[in-house]
2 protein chains.
Amino acid sequence: MPLTSHKTIGRLSLYRRLLMELTAERATNVYSHELASLAGVTAAQVRRDLMAIGYSGSPSRGYEVRELTGAIGRFLDDPTGQNVALVGVGNLGRAILAYFSGRRPNLRIVAAFDRDPYKVNRVIHGCRCYRLADLPEVARELDIHMGIIAVPASEAQDVAEMLSRAGVNGLLNFAPTSLRVGPQVYVEDIDITTSLEKVAYFARETAMKKEAKP
Amino acid sequence: MPLTSHKTIGRLSLYRRLLMELTAERATNVYSHELASLAGVTAAQVRRDLMAIGYSGSPSRGYEVRELTGAIGRFLDDPTGQNVALVGVGNLGRAILAYFSGRRPNLRIVAAFDRDPYKVNRVIHGCRCYRLADLPEVARELDIHMGIIAVPASEAQDVAEMLSRAGVNGLLNFAPTSLRVGPQVYVEDIDITTSLEKVAYFARETAMKKEAKP
DNA sequence: ACTAAGCTGTGAAAGTCGTAACAGCGATGC
DNA sequence: GCATCGCTGTTACGACTTTCACAGCTTAGT
């Protein structure tokens with residue numbers, strides 16, 4: 001029933017990471033404005049986001065770091081963890097494998113897939129690479145319900161359909177294409193080229209502003 | 001004075017890429033609903049976005065692909081092109097270099113930087129790697145005003161400050177940290193971990209919905 | 001005991017963004 | 001020539017986000 005917005009979910013994930021750092025620094029409690037400052041948002045935003053998960057702090061001590069971390073975890077995570085497939089073991093795919101290798105115990109990349117026969121059956125950053133054609137079978141065997149697409153744009157739609165048919169409910173898509181999938185699949189796009197072009201545009205704009213100011 | 005929103009800029013970049021594909025397919029004109037379908041948005045959105053750049057189509061023929069591509073380019077790009085520095089030549093950094101190598105003529109990654117002496121002075125995917133300590137000097141010599149941060153979170157803030165002092169106006173940040181920089185620097189964050197956790201959450205949610213339905 | 005200070009939780013205002021709807025125009029067919 | 005059709009440009013509306021502002025609570029100090 002908690003119709004929590006996309007943006008809030010993203011920030012909760014961020015808060016949790018910051019809270020883990022705070023735990024490492026031996027902090028036991030934190031105020032909304034401190035967490036806000038670390039996250040780069042306003043204090044009111046933090047409080048409103050935490051409303052969504054129903055966790056209450058104390059007016060005098062703020063939030064208990066350990067408890068809040070747990071509350072966010074119970075809200076965001078599946079208790080048994082979720083298995084993820086990576087499709088496309090090129091430069092980007094390998095970087096993703098390296099990045100997530102053993103990082104999040106609840107989000108495990110348990111299989112990689114590629115067309116290239118040279119990569120198949122090799123183990124890369126602790127993850128075995130399978131033939132792309134075996135995806136349906138392997139996905140069912142390993143109980144995979146999430147996919148990361150790191151293939152060229154031209155192949156992304158085909159891969160998305162394969163994953164969808166294999167029972168995947170969520171996709172993280174690095175290919176610069178808008179995927180067409182059914183409503184049972186949530187898609188999050190990361191478009192590096194577009195992001196860089198946004199930076200280029202706004203860098204130019206702020207540079208102009210600075211020039212015009214004095 | 002075009003106070004164009006962030007989201008619109010992102011979509012313009014996307015439209016341009018789609019228009020280039022259309023050009024490759026010998027299409028000469030396109031209707032808003034066609035472009036919308038390719039981009040995964042509504043036709044009204046496309047028309048509204050194009051309002052921002054002041055390009056007008058024809059009621060009968062829609063938009064001329066070639067002219068519209070040019071108009072978006074004049075709006076988004078710097079006529080002389082912009083030079084970009086990449087900081088951090090790890091797995092992700094190399095993937096980014098490979099990805100952009102000679103792709104966008106207007107957005108050139110002209111230098112890479114890393115602490116690791118083993119990487120310094122090597123040429124990776126056509127880009128020379130410099131000592132991180134030489135960043136200020138090289139950035140000025142090569143007229144660099146944009147940076148891509150692909151270093152671990154613990155070093156990201158230091159790198160951002162170095163780049164900012166070297167005259168950079170825009171940053172694309174892959175480190176999971178919110179950077180503190182002055183108002184003359186635009187920052188765009190790409191947080192892969194958070195994106196994956198969002199997918200995990202919504203995948204779970206849609207899976208539950210499907211289960212509850214029948 | 002009582003005041004003062006500082007934080008949380010939350011209703012309401014402000015702002016942002018996307019969508020619907022329609023007037024206007026150019027082409028086409030009769 | 002005139003009506004019709006389909007698409008564009010634009011305005012108005014609605015949905016969603018963020019921020020503001022304040023009541024309520026809890027502790028510390030006098």
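Just so it is clear: chains get the letters A, B, ... in the order the sequence lines come, proteins before strands, and each one is counted from 1. Just the heavy atoms: all of them, side chains too, but no hydrogens, waters or symmetry mates, feed the values below.
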Does one side chain, of [X] or [Y], offer a donor that lies under 3.5 Å from an acceptor on the other?
X: Ser37(A); Y: Arg180(B); value: yes
X: Arg108(B); Y: Asn83(B); value: yes
X: Asn91(A); Y: Tyr99(B); value: no

Intermediate values then yes/no, side chain to side chain donor-acceptor pair (under 3.5 Å), Arg17(A) and Thr69(A)
CA-CA 9 Å; Arg17(A) 215 169 32 216; Thr69(A) 308; over 6 Å; no
Note: Arg104(A)-Asp77(A) ion pair, threshold 4.0 Å (strictly below):
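Salt bridge: no.
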Of the residues in residues 6-15 of chain A, which ones touch DNA chain C at a heavy-atom distance under 4.0 Å?
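Nucleic-acid contacts, sorted: none.
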From Ile149(B), Leu92(B), Leu97(B), residue fulfilling side chain to side chain contact (heavy atoms under 4.5 Å, CB included) relative to Leu86(B)
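Testing Leu86(B) for a side chain to side chain contact (heavy atoms under 4.5 Å, CB included) against Ile149(B), Leu92(B), Leu97(B) leaves exactly one candidate, Leu97(B).
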Using the ring of each side chain (for Trp, its six-membered ring), is His6(A) parallel, tilted or perpendicular to Tyr186(A), with breaks at 30° and 60°?
perpendicular
How about Tyr63(B) and Tyr31(B): are their ring centroids closer than 6.0 Å?
no
Kindly say whether the aromatic ring centers of Phe75(A) and Tyr55(A) come within a distance under 6.0 Å.
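No: the rings miss the under 6.0 Å criterion.
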Say you draw a straight line from OG of Ser154(B) to CD of Glu21(A); how long is it, rounded to the nearest 0.5 Å?
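Those atoms lie 9.5 Å apart.
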Using chain B heavy atoms and a threshold of under 4.0 Å, write down where along DNA chain C the contacts begin and end, 5' to 3'.
dC17(C) to dA27(C)
Expected rows: protein N/O vs nucleotides 8-13 of chain D N/O, under 3.5 Å:
| unit_1 | atom_1 | unit_2 | atom_2 | d |
| --- | --- | --- | --- | --- |
| dT8(D) | OP1 | Ser32(B) | N | 2.9 |
| dT8(D) | OP2 | Ser32(B) | OG | 2.6 |
| dG9(D) | OP1 | Ser56(B) | OG | 3.2 |
| dG9(D) | OP1 | Gly57(B) | N | 2.6 |
| dG9(D) | OP2 | Tyr63(B) | OH | 2.9 |
| dG9(D) | N7 | Arg47(B) | NE | 3.0 |
| dG9(D) | O6 | Arg47(B) | NH2 | 3.1 |
| dA12(D) | N6 | Arg48(B) | NH2 | 3.1 |

